[in-house]
Amino acid sequence: MFQILRGALRFRRPPDSGDLMFLCWPVLVYRVVAPVLRTRHLNIIEKVILALCEAGVRQPDELAAKIHQSEDLCNYVLRQLRAGGRVDRHGALTAEGRETLALNRVDEEPELIVTHVFQDPWTGRLWPRSARDLVFERVHGLQDGQAKLRLNSAGSARPACAHVVTAEVPLPRPPVPQEIIAAVAAHRRAELAHNAVWLTERPDGRNPAAHAAEADLHAMSTELTLPHETAVQRVVDIGRPMAEYLLMWVDEGDDPARGPRLLDPFGLDPNPMARRLLAGRLTSDPDLAKVMKGVADSSAARLAEEYRAKGSQVRQAAETRLVQLLGSELRRRPEVLKLLVGLEEAAARGGESGVESVAREAFRIHEYLFRQLLIEYPAPDEPSWMAGTRPSLEVVQANLRMAAEDLGIERVPGHYLQERKVRPLIRGRRPDLDLAFLPSLVPYVLVAAADSRSPHRAGHPMRALVRRRPGVLDDLSVLSGLRNRGSHSLRDATVEDDIDWCRQLALDAARLLISMPPPREGYEVR
């Protein structure tokens, strides 16, 4: 039933650049004669005279003097407004006149137009689009389900191939008059919305015509509404269906997560129906599904390559910037540099997920710091409070608080002193640096930095960090919460502020690490 005889219908020009995949999509085309209501806006003379009549100035000579126009013109406008029921015989505004002045529009009588509507052969639904004229793109041959095209032939020819979607289905019932009216109305609404946006977003600023387009769009609540059966029957002609192919194309889209994007073939994006039709056919047309998968795979490969290239650029720029900021000594700590670059990559992504990633990287840097502190400045096997016997939980907690106070730490959050965190200390065990997480490392670092039996007490690097950040343990608790934005966090800041705050914490930890002697070999970041 569907054959490409005259070519493929084309209602917009494809983009001149970019990777596009073309489709020849089957449609049934009906030539129809249908009624539409045209909206006319008040001209400036009508609007001023209506406003003056509302204010009590209603005589032609008085109106002429006010607006500096001829009395004959004012008399003519008054007669027209009176004939339209917008002013009474005394010149006072009627209810219809007040509505007309408020909305700045005049609805005219329905007029008949000749246009075309398009029916989906599978579902029988009409596209929310119409077209006065049918324009065909010439097809230069068919081979293996592909239509050969030469686009932009008026300029430089652009060879292309379009996958022809087959449709061997019985003819659906013809559309009824109300469906045709709804399709023409939907096209008009989409056209007005598109014009309003385009005129608003022009480089030279908002065009005054955008106001008119928006007013027309507002008027669509009454335009093309024909409630009476007699009016609906004024769809005086529904032609025989013509089986044609509509040229459509798919681009790679703006959002990599959503994949390729089917554009509205009439140039009035968005068109949800076109996307729904494509999605519906993919489940039952293996050839179409294969073609679309190829487009998706190609798009994913290109985006992955672009991401890798951009990621490499971000990493190189971040590494250069970090070395300039922290000094060449940073290269002595390659694991720290690696972690900081990872943080900068996460910060470049931004957004809520970016904050979580930045917080995770900043937290990892502190875990690495505390592990390195215990490797290079280990805690004594028997702290001063051991005294040959196993101390109670309360004794260990009290001594840890005193150690924190000796260092200058403002406060030790309670979760660092929980029994399960300090139990290894009570039993005289060494921390497992490959398995222990930061909260379990904190008690050992406090002992190594402040216990009287620690050989590192006087020059322990933790003292320098605390001088810079007395609330470091509270900061680490908040940082842990920021790793999951869904969890409760004490910070109430914008995303950008949170990212900057996390970055500053990480930089402070990095400064401490590169101030320490070169690390022992054999220890890698987890």
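Predicted model, so just to flag it, every value in this text is computed and none were measured. All values below come from the heavy atoms of this structure, side chains included, with hydrogens, waters and symmetry mates left out.
Atoms CD1 and CG, from I365 and L512 in turn, are 12.5 Å apart once rounded to the nearest 0.5 Å. In this structure, CE on M248 lies 9.5 Å from CG on D264, to the nearest 0.5 angstrom. Rounding to the nearest 0.5 Å gives a distance of 4.0 Å between CG of D508 and CZ of R468. Separating the CE atom in M386 from the CD1 atom in I426 is a distance of 9.5 Å, to the nearest 0.5 Å. Between the CG atom in L446 and the CG atom in D406 there is a gap of 10.5 Å [rounded to 0.5 Å]. The CZ atom of R158 sits 13.0 Å away from atom CZ of R150, with the distance rounded to the nearest 0.5 Å.
Between the side chain of R463 and the backbone N or O of R457, at least one donor-acceptor pair lies under 3.5 Å. A donor-acceptor pair under 3.5 Å links the side-chain atoms of N399 to the main chain of V395, judged by distance alone. With hydrogens and angles ignored, the 3.5 Å screen pairs no side-chain donor or acceptor of E361 with any backbone N or O of G342. When atom types are taken as modelled, the side chain of H187 and the backbone of S130 share a donor-acceptor pair closer than 3.5 angstrom. The main-chain N or O of L433 is found under 3.5 Å from a side-chain atom of R371 such that the two form a donor-acceptor pair. Looking at R411, its side chain never comes within 3.5 Å of a backbone N or O of D474 through a donor-acceptor pair.
Contact between P128 and M273 at its shortest, heavy atoms only, is CD-SD, 3.4 Å. Taking every heavy atom of both residues into account, Y444 and A379 meet most closely at O-CB, 3.6 Å. Shortest non-hydrogen contact noted between C502 and A362 is O-CB, 3.7 Å. Smallest separation of non-hydrogen atoms from I514 and L326: CD1-O, 3.4 Å. Heavy atoms only, all atoms of each residue included: F11 and P265 are closest at CB-O, 3.7 Å. Contact record, R333 with L513: NE-O, 3.2 Å, taken as the closest heavy-atom pair.
Counting only heavy atoms from C-beta outward, the side chains of L277 and L262 never approach each other to under 4.5 Å. In this structure, the side chains of R12 and D269 come closer than 4.5 Å at one or more pairs of heavy atoms. Residues L400 and V412 have side chains not in contact (no heavy-atom distance under 4.5 Å, counting atoms from C-beta outward). Contact of the F370 side chain with the M462 side chain is registered, since non-hydrogen atoms from C-beta on lie closer than 4.5 Å. Looking only at side-chain heavy atoms (C-beta outward), L278 and L288 come within less than 4.5 Å of each other. Two residues are said to be in side-chain contact when any heavy atoms from C-beta on lie closer than 4.5 Å; L343 and L339 fail this criterion. Looking only at side-chain heavy atoms (C-beta outward), R423 and R429 stay at 4.5 Å or farther from each other. Side-chain contact between F266 and F118 is present, with at least one heavy-atom pair separated by less than 4.5 Å.
By the 6.0 Å contact criterion, CD on Q418 is enclosed, its count of non-hydrogen atoms from other residues, nucleotides or ligands being greater than 12.
Under the 4.0 Å criterion applied to side-chain N and carboxylate O atoms, K290 and D287 are not assigned as salt-bridge partners. Using a 4.0 Å cut-off between charged nitrogen and carboxylate oxygen, R483 and E367 do not count as a salt-bridge pair. With respect to R276 and D120, no salt bridge is recorded, no charged nitrogen being found less than 4.0 Å from a carboxylate O. Salt-bridge annotation for R331 and E319: present, with a side-chain N of the basic residue lying under 4.0 Å from a carboxylate O of the acidic one. A salt bridge links R503 with E344: at least one charged nitrogen is closer than 4.0 Å to a carboxylate oxygen.
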message = For a side chain to side chain contact (heavy atoms under 4.5 Å, CB included) check, start with the C-alpha distance between M516 and L373, then their side-chain angles and the critical distance, and finish with the verdict.
response = CA-CA 9 Å; M516 293 161 53; L373 286 174; 3.9 Å; yes
In sequence, state the C-alpha distance, the side-chain angles, and the governing distance for W25 and L9, and then conclude on side chain to side chain contact (heavy atoms under 4.5 Å, CB included).
-> CA-CA 9 Å; W25 195 271; L9 288 167; over 6 Å; no
| task | Take R401 and L417, measure what side chain to side chain contact (heavy atoms under 4.5 Å, CB included) needs, and give me the verdict at the end. | result | CA-CA 9 Å; R401 290 192 184 93; L417 302 177; 3.6 Å; yes
Problem set entry | Check against side chain to side chain contact (heavy atoms under 4.5 Å, CB included), L246 and R129 | CA-CA 12 Å; L246 177 63; R129 299 290 184 263; over 6 Å; no
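Side-chain N/O atoms of H460 and S454 include no donor and acceptor closer than 3.5 Å.
Residues forming a side-chain hydrogen bond (donor to acceptor under 3.5 Å, both in side chains) with D381 (at least two apart in sequence, or on another chain): R430. Remark: S284 engages R281 in a side-chain hydrogen bond (donor to acceptor under 3.5 Å, both in side chains) (not counting sequence neighbours).
Just one residue in the list V478, L473, L476, V442 forms a side chain to side chain contact (heavy atoms under 4.5 Å, CB included) with P413, and that residue is L473.
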